[in-house]
Colleague: 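Before we start, here is the structure in question, set down as structure tokens.
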Protein chains: 2
Amino acid sequence: MTTPEGPARGVAGEAGGRRRPPTAQQFVLGELRRAITTGRLRPGDPIRQEALAEELDVSRVPLREALKTLQGEGLVTYEAHRGYFVERLSLDDLREVYLIRELLEAEAVRRAAGRIGDEALRAAERAQAEVEEAAAAGDVLAMAAANRRFHMTIFEASGLPRMVRMIRTLWDSTDAYRSVYYGEPANRERVIEEHRAALDLLRRRDAEGAVRVLAAHRAHAVTAIEAVLPGTP
Amino acid sequence: MTTPEGPARGVAGEAGGRRRPPTAQQFVLGELRRAITTGRLRPGDPIRQEALAEELDVSRVPLREALKTLQGEGLVTYEAHRGYFVERLSLDDLREVYLIRELLEAEAVRRAAGRIGDEALRAAERAQAEVEEAAAAGDVLAMAAANRRFHMTIFEASGLPRMVRMIRTLWDSTDAYRSVYYGEPANRERVIEEHRAALDLLRRRDAEGAVRVLAAHRAHAVTAIEAVLPGTP
DNA sequence: ATATTCAATATTGGATCCAAAATACAATGG
DNA sequence: CCATTGTATTTTGGATCCAATATTGAATAT
């Protein structure tokens with residue numbers, strides 16, 4: 001398998017663990033990913049290496065290696081001798097990411113439905129419980145994190161590690177935009193119901209049903225985001 | 001859009017242009033990609049930075065940045081404090097890559113069929129002519145390169161740049177294994193006929209027909225490779 | 001012989017320094 | 001006032017050096 005970076009990012013570590021990675025590049029990678037997906041570094045911003053390195057208390061070397069990784073993931077762009085910039089997604093880009101997700105996730109869910117075991121099902125149920133807790137508490141950030149765990153747990157049950165890695169990367173690249181979705185209480189409600197339906201179908205090994213529900217789930221998110229996006233493109 | 005590296009890799013530059021890139025990392029990236037996809041660096045090999053850097057006449061810094069890019073593409077793996085290794089694909093890995101390609105390329109071709117213009121069609125025909133020339137001359141390497149141009153030209157007509165980038169990366173990650181396919185004269189014959197059929201269907205805007213032909217085309221390649229692979233895994 | 005400990009060596013990770021390129025800005029000419 | 005040229009400054013790209021970690025191999029004990 002090809003794990004992109006050192007610390008476990010499997011079902012368990014989709015957010016939780018928080019001890020510092022064994023190399024500075026990995027530490028920086030995590031910090032940068034957070035800064036971008038949470039919007040602290042905003043789309044279009046140039047990334048000034050000297051300043052950022054100082055802020056993170058490392059030299060520019062590990063920072064640059066982390067940026068190369070993020071470039072591969074599409075979170076930043078690079079121009080020779082001009083540097084790195086936080087990727088700015090157009091509406092078309094966003095639609096394309098969701099189209100690709102549609103194709104990959106449908107297949108991942110289809111396979112997962114036939115293979116998912118009790119352990120993974122329970123992990124998904126646990127994640128769903130956390131989604132509902134966070135929603136009740138109005139904690140948007142926690143809800144997004146738990147939501148991600150929920151979906152990744154299912155995808156990982158597909159037994160297709162490369163596919164999961166690609167899906168995860170696609171999620172990362174739109175995190176900054178998706179966060180708005182959970183702001184709406186109505187959306188939070190709907191997410192919960194759709195998750196419950198999906199879980200139910202997975203328990204019954206209804207692959208096509210699960211695929212359908214999760215496709216609708218995604219479609220709701222994308223239309224909601226499209227409505228908001230024109231502000232940033 | 002998100003172009004992975006500086007020099008044009010579009011329809012034009014899928015192989016041709018050959019002047020040295022503006023940065024050492026990009027130069028090294030190209031050399032490394034070649035070394036891996038042609039099998040000069042073999043799957044499982046550790047990548048000794050000092051030696052390789054000296055061979056390419058650069059320092060380890062640009063080499064390491066190039067390796068990070070390749071890590072993102074799945075051509076090499078990385079372990080903290082142990083270094084980079086040429087990715088070794090198992091049979092399952094290979095099947096997974098082809099499954100993902102199946103999903104993405106089907107959609108890309110479907111869209112391309114509805115949008116492809118005269119210019120792109122002619123570019124594809126030109127690439128196909130080069131495929132046939134190379135096949136006649138028995139030049140396996142040239143045939144692989146022209147074949148790639150043929151397919152990428154079609155994919156690019158989809159108007160989905162991110163998708164094309166992902167497909168290209170997937171091709172890269174199996175290049176080292178695919179080369180064997182063109183060794184067989186019978187396979188070369190079949191490739192040519194399937195390409196002609198696909199071109200014909202595209203000209204008539206028959207999306208589903210083109211998707212079907214190219215899926216079969218892919219399937220032939222994967223079964224041929226599967227038969228050979230057990231030697232290396 | 002096999003396993004274990006500890007030193008010697010090789011290799012990667014990161015910081016600093018200098019070179020090269022791009023950008024910002026002032027001076028000059030139209 | 002606007003455009004243009006040349007210069008100063010900023011920023012990135014890359015080389016070298018040192019530190020941290022992993023690997024190797026010899027010596028010792030079981």
Side-chain angles (χ1 to χ4, degrees), chain A residues 2-8 19-33 35-36 41-72 75-88, chain B residues 2-8 19-33 35-36 41-72 75-88:
Chain A
T2 312
T3 312
E5 63 283 309
R19 72 185 189 293
R20 186 161 172 150
T23 64
Q25 18 170 330
Q26 288 166 348
F27 164 71
V28 171
L29 181 61
E31 292 297 308
L32 264 181
R33 224 195 294 268
I36 294 174
L41 285 173
R42 295 213 313 249
D45 280 0
I47 292 172
R48 295 299 165 216
Q49 300 175 10
E50 191 95 44
L52 195 53
E54 180 160 20
E55 187 182 329
L56 296 172
D57 204 44
V58 295
S59 80
R60 280 174 50 218
V61 175
L63 169 59
R64 275 163 57 180
E65 298 196 6
L67 285 168
K68 265 282 166 282
T69 299
L70 293 177
Q71 183 194 344
L75 281 185
V76 304
T77 58
Y78 169 75
E79 289 176 66
H81 298 293
R82 295 201 59 235
Y84 296 87
F85 300 81
V86 180
E87 172 76 319
R88 185 201 304 269
Chain B
T2 311
T3 311
E5 63 281 311
R19 71 183 192 293
R20 187 162 170 148
T23 65
Q25 19 171 332
Q26 288 166 349
F27 164 71
V28 170
L29 181 62
E31 292 298 308
L32 264 180
R33 223 196 294 269
I36 295 174
L41 285 173
R42 295 214 312 251
D45 280 0
I47 291 172
R48 296 298 163 215
Q49 300 174 10
E50 191 96 44
L52 196 53
E54 180 160 19
E55 187 182 329
L56 296 172
D57 203 44
V58 296
S59 81
R60 280 174 49 219
V61 175
L63 170 59
R64 275 163 58 180
E65 298 195 5
L67 285 168
K68 266 281 165 281
T69 299
L70 292 177
Q71 183 193 345
L75 281 185
V76 304
T77 59
Y78 169 76
E79 289 176 65
H81 297 292
R82 295 200 59 235
Y84 296 87
F85 300 81
V86 179
E87 172 75 320
R88 185 202 303 270

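Residue numbers begin at 1 in each chain, while the letters A, B, ... track the order of the sequences.
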Colleague: How close or far is atom P of dT9(D) from atom CD of E50(A), stated in whole angstroms?
Modeller: 17 Å
Colleague: Please determine, for the side chain of S59(B), which listed nucleotide (dG13(C), dA21(C), dA15(D)) has the closest atom?
Modeller: dA15(D)
Colleague: Could you tell me the separation between the CD atom of Q25(A) and the P atom of dG13(C), rounded to a whole number of Å?
Modeller: 6 Å
Colleague: For E55(B) and L52(B): C-alpha separation, side-chain torsions, deciding distance, then whether side-chain contact (heavy atoms from CB on, under 4.5 Å) applies.
Modeller: CA-CA 5 Å; E55(B) 187 182 329; L52(B) 196 53; 4.1 Å; yes
Colleague: Which part of the nucleic acid does E65(B) contact within heavy-atom distance under 4.0 Å: base, sugar-phosphate only, or nothing?
Modeller: nothing
Colleague: Could you state the atom-to-atom distance from CZ of R60(A) to C1' of dG13(D) in whole Å?
Modeller: 7 Å
Colleague: Would you say the side chain of R64(B) and the base of dG14(C) hold a donor-acceptor pair, judged only by whether the two atoms sit under 3.5 Å apart?
Modeller: yes
Colleague: Starting at CG of L29(B) and ending at P of dG14(D), how long is that distance when rounded to a whole Å?
Modeller: 12 Å
Colleague: For dG13(D), does either OP1 or OP2 sit under 4.0 Å from a side-chain N or O belonging to Y78(A)?
Modeller: yes
Colleague: Which whole-number value in Å describes the distance from Q49(A) CD to dA22(C) P?
Modeller: 15 Å
Colleague: Taking CG from L63(A) and C1' from dT11(D), how many angstroms apart are they, rounded to a whole number?
Modeller: 13 Å
Colleague: If we ignore angles and hydrogens, is there a donor and acceptor under 3.5 Å between the side chains of Y84(A) and K68(A)?
Modeller: yes
Colleague: In whole angstrom, what separates F85(B)'s CZ from dT11(C)'s C1'?
Modeller: 11 Å
Colleague: Let me know the distance between CD of E54(A) and P of dA15(C), rounded to the nearest Å.
Modeller: 13 Å
Colleague: Over all strands shown, is L67(B) touching base, sugar-phosphate only, or nothing at heavy-atom distances under 4.0 angstrom?
Modeller: nothing
Colleague: Using heavy atoms to find the nearest nucleotide of DNA chain D for R82(A) and V61(A) separately, return the residue whose nucleotide is more 5′.
Modeller: R82(A)
Colleague: Do F27(B) and D57(B) have side-chain heavy atoms sitting under 4.5 Å apart?
Modeller: no
Colleague: Report yes if a side-chain nitrogen or oxygen of R48(A) is closer than 4.0 Å to either non-bridging phosphate oxygen (OP1 or OP2) of dT10(D); otherwise report no.
Modeller: no
Colleague: Taking the side chain as every heavy atom from C-beta outward, state whether R33(B) and L75(B) have any pair of such atoms under 4.5 Å apart.
Modeller: yes
Colleague: Could you walk me through whether L32(B) and T69(B) pass side-chain contact (heavy atoms from CB on, under 4.5 Å), step by step?
Modeller: CA-CA 11 Å; L32(B) 264 180; T69(B) 299; over 6 Å; no
